[in-house]
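Let me begin by presenting the structure, written as structure tokens, before commenting on it.
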Amino acid sequence: MRGPSVQEALLRFGLALGAVLSPGVARAEGDADEPAPAPAPTPPLDALTIAKLVDRLAHADNDERDRVHRILGRGGRAVVAPLIELLKSADATAGAWAAEVLALVGRDAIDAADALAVGLGRDGMDWPCANALEALGPPGIPGLVRGLAFEREGSRLAALVSLEKVGPLPESAFAPLAKAAKDPSEDIRSGAAGCLAKLDLPLAVRLASISTLVADPSSEVRSAVLHALIEAAGTDVGAVVPLALLAGDPQALLRVQATKAIAAAPRSTSERDVVENTLSRGLGDRDGDVRAAAIEAFIDHDLADDVVRERISSMTEDADTDVRVESLRALGRAKALDDAARKRLEKGLVDPESRVKIAAAAALARSGVDVERALDVLFGREGIYHAVERARLEVVRFAGELGPASAAARKRLESIVKDQAEEYRAAAEAATRRIDEAAKK
């Protein structure tokens, strides 16, 4: 008996779609109370239709292949066997389309795992095959691990990208990943760092394997290492020492990131000195962004003693704008404001940089000193009505740190949220939310 043609199969889909949509049209015309019928099930694909669709997938142009692969992707296990044969064909483009379909099929395509692993090594098929193995979940991991041994860099990289998404990774992946961490390609080494963090092994083993890359010559790899260390440790103790090494990295951006990370990382009692020494070193860093990050880390994580606070106070006249902002913010967090600190804050109110004025005003308001004057700065032309968005965002940032002045600030914001200018209205609404969120803590 003849099976339906491709056109007939597509027609069935069209009729099914029409059956779902047409009742909705009727209800829109006046029969709103009639319950919608259950959507018609998608008709299954028979063997002959699958064979014809797979043939089109192998030989048609890309537009038709795209349409056909979506239909086949809903075919479940029934489409897997012919697609495995297509994966093995000489045409890498056709094989890539077969892998795309298998990625849509997902875990029902488990029988294709071996063929996908082989396809992962072929030029033009590597990324589609890696995606399909990834879609298999844990059963796809062995094929992706095999991909780490392929000669083609593209194959190894595709395997690593998918492995990092699948995790946790079995112990059997450790040796291949350790080898990948020594690969000549910095992209491969970066990918290996992320995957090592996802190994189902004791934390000490994972951190040790990642830490071998802390001194990698590539800043891209060292950046990947930093993120891998944070992910691997999670809420456990152990990442402080390698993060301290990265806080001394030659790249300023990495020093900033590591400085923030080490302050937030869980630490043992014996590691507190490592953290404090790292942040103290950051206060004297040649890069202003690092100095600012160190101040912020000290204050936000309550790590500053009296000596450090005095040192931070002296940085309110630093040449870098961000440093002045953070040091003034730190003064506002002090339990008591002496005359010297008050003078520093008042001097900040006349700083040439609006962001510094905003920080000084917020600190004064929080401390209960010159509150009305401070609020005039925050909610005037130097603050929320500033033409530059970054200044308005600083007001929003500090709105949650106004302490006793929050009620007066919120009252001022009531008129600003009605402003006709969207940018000012949006900033006022965001600042109000920050005040309300702070009040709940």
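What you see below is based on every heavy atom in this structure, not just the backbone, and it leaves out hydrogens, waters and symmetry mates. None of these values were measured; they are calculated from a predicted model.
Heavy-atom contacts from other residues, nucleotides or ligands closer than 6.0 Å to CD of Glu389 number 12 or fewer. A 6.0 Å sphere centred on CG of Leu393 holds more than 12 heavy atoms belonging to other residues, nucleotides or ligands. Asp306 CG: 12 or fewer foreign heavy atoms inside a 6.0 Å radius.
Taking His69 as the reference, Trp97 meet the ring-ring contact (aromatic ring centres under 6.0 Å, His included) condition, with sequence neighbours excluded. Looking at residues two or more places apart in sequence or on another chain, you find a side-chain contact (heavy atoms from CB on, under 4.5 Å) between Pro170 and Ile141, Ser172. Arg329 is linked by a side-chain hydrogen bond (donor to acceptor under 3.5 Å, both in side chains) to Asp300, Glu326, Glu401, counting only residues two or more places apart in sequence or in another chain. With sequence neighbours excluded, the residues forming a side-chain contact (heavy atoms from CB on, under 4.5 Å) with Val395 are Ile358, Phe379, Ile384, listed by chain and number. Partners of Arg425 according to the salt bridge (charged side-chain N to carboxylate O under 4.0 Å, His left out) rule, which considers only residues two or more places apart in sequence or in another chain, do not exist here. Take Phe150 and apply the ring-ring contact (aromatic ring centres under 6.0 Å, His included) test, not counting sequence neighbours, and it matches no residue. For the side-chain hydrogen bond (donor to acceptor under 3.5 Å, both in side chains) test, residues two or more places apart in sequence or in another chain that qualify with Arg189 are Asp216. In terms of the salt bridge (charged side-chain N to carboxylate O under 4.0 Å, His left out) criterion, residue partners of Glu317 (sequence neighbours excluded) are, by chain and number, Lys347. Every residue was checked against the salt bridge (charged side-chain N to carboxylate O under 4.0 Å, His left out) condition with Asp91, not counting sequence neighbours, and none meets it.
Listed for the Arg392 side chain is no donor-acceptor partner under 3.5 Å among the backbone atoms of Tyr424. For the pair His301 (side chain) and Ala297 (backbone), a donor-acceptor distance under 3.5 Å is absent. Remark: the backbone N or O of Ser219 is not paired with any side-chain donor or acceptor of Ser223 at under 3.5 angstrom. In terms of modelled atom types and a separation under 3.5 Å, the side chain of Arg366 and the main chain of Gly332 share a donor-acceptor contact. Between the His386 side chain and the Val388 main chain, a donor and an acceptor come within less than 3.5 Å of each other. Panel note: side chain Ser89, backbone Leu86; a donor-acceptor pair is recorded below 3.5 Å. Between the side chain of Arg206 and the backbone N or O of Leu201, at least one donor-acceptor pair lies under 3.5 Å.
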### Message
Please evaluate residues Arg65 and Glu100 with respect to the criterion salt bridge (Lys or Arg N to Asp or Glu O under 4.0 Å), reporting the C-alpha separation (whole Å), side-chain torsions for both, the decisive distance (0.1 Å), and the verdict.
### Response
CA-CA 10 Å; Arg65 280 169 161 163; Glu100 295 280 3; over 6 Å; no
### Trace of the side chain to side chain contact (heavy atoms under 4.5 Å, CB included) decision for Ile84 with Val80
CA-CA 6 Å; Ile84 291 174; Val80 173; 3.8 Å; yes
### Message
Applying side chain to side chain contact (heavy atoms under 4.5 Å, CB included) to Ile299 and Arg309, what does each step give before you reach the verdict?
### Response
CA-CA 9 Å; Ile299 300 305; Arg309 287 185 182 277; 3.8 Å; yes
### Task
Test side chain to side chain contact (heavy atoms under 4.5 Å, CB included) on Asp287 and Leu253 and set out the steps.
CA-CA 9 Å; Asp287 186 89; Leu253 179 58; over 6 Å; no
### Query
Step by step, would you call Leu120 with Trp127 a side chain to side chain contact (heavy atoms under 4.5 Å, CB included)?
CA-CA 7 Å; Leu120 180 57; Trp127 290 92; over 6 Å; no
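Between the side chains of Thr316 and Arg324, no donor-acceptor pair of N or O atoms lies under 3.5 Å. Side-chain contact check for Ser190 and Asp187: no donor-acceptor pair (N or O, by modelled atom type) lies under 3.5 Å.
Here the closest non-hydrogen pair linking Ala247 and Thr278 is CB-CG2, 3.4 Å. Looking at every heavy atom in both residues, Arg281 comes nearest to Gly248 through NH2-N, 3.4 Å. Closest approach of Cys129 and Leu87 over heavy atoms only: SG-CD2, 4.3 Å. Between Ala409 and Leu402 the shortest heavy-atom distance is CB-CD1, 3.6 Å.
Taking CZ from Arg311 and OG from Ser280, the interatomic distance works out to 6.0 Å, rounded to the nearest 0.5 Å.
Under the 4.0 Å criterion applied to side-chain N and carboxylate O atoms, Asp322 and Arg291 are not assigned as salt-bridge partners. The residues Arg397 and Glu394 are annotated as salt-bridged, a charged nitrogen and a carboxylate oxygen being separated by less than 4.0 angstrom.
In this structure, the side chains of Leu283 and Phe298 come closer than 4.5 Å at one or more pairs of heavy atoms. Leu83 is listed as a side-chain neighbour of Leu57, based on a closest heavy-atom distance under 4.5 Å. Between Ile262 and Leu279 the shortest side-chain heavy-atom distance falls below 4.5 Å. Using a 4.5 Å heavy-atom cutoff, the side chains of Leu207 and Pro242 are not in contact.
The side chain to side chain donor-acceptor pair (under 3.5 Å) contacts involving residues 151-166 comprise Asp123-Arg152, Asp126-Arg152, Glu134-Ser162, Arg152-Ser155, Glu153-Ser185, Arg156-Asp183, where partners must be two or more places apart or lie in separate chains. Listed by first and then second residue, the salt bridge (charged side-chain N to carboxylate O under 4.0 Å, His left out) pairs that reach into residues 247-276 are Arg222-Asp249, Arg255-Asp285, Arg272-Glu276, sequence neighbours excluded. Here side chain to side chain donor-acceptor pair (under 3.5 Å) pairs that include residues 431-441, with residues two or more places apart or in two chains, are Arg410-Asp436.
The side-chain contact (heavy atoms from CB on, under 4.5 Å) with Leu213 is formed by just one residue from the set Leu226, Val221, Leu229; it is Val221.
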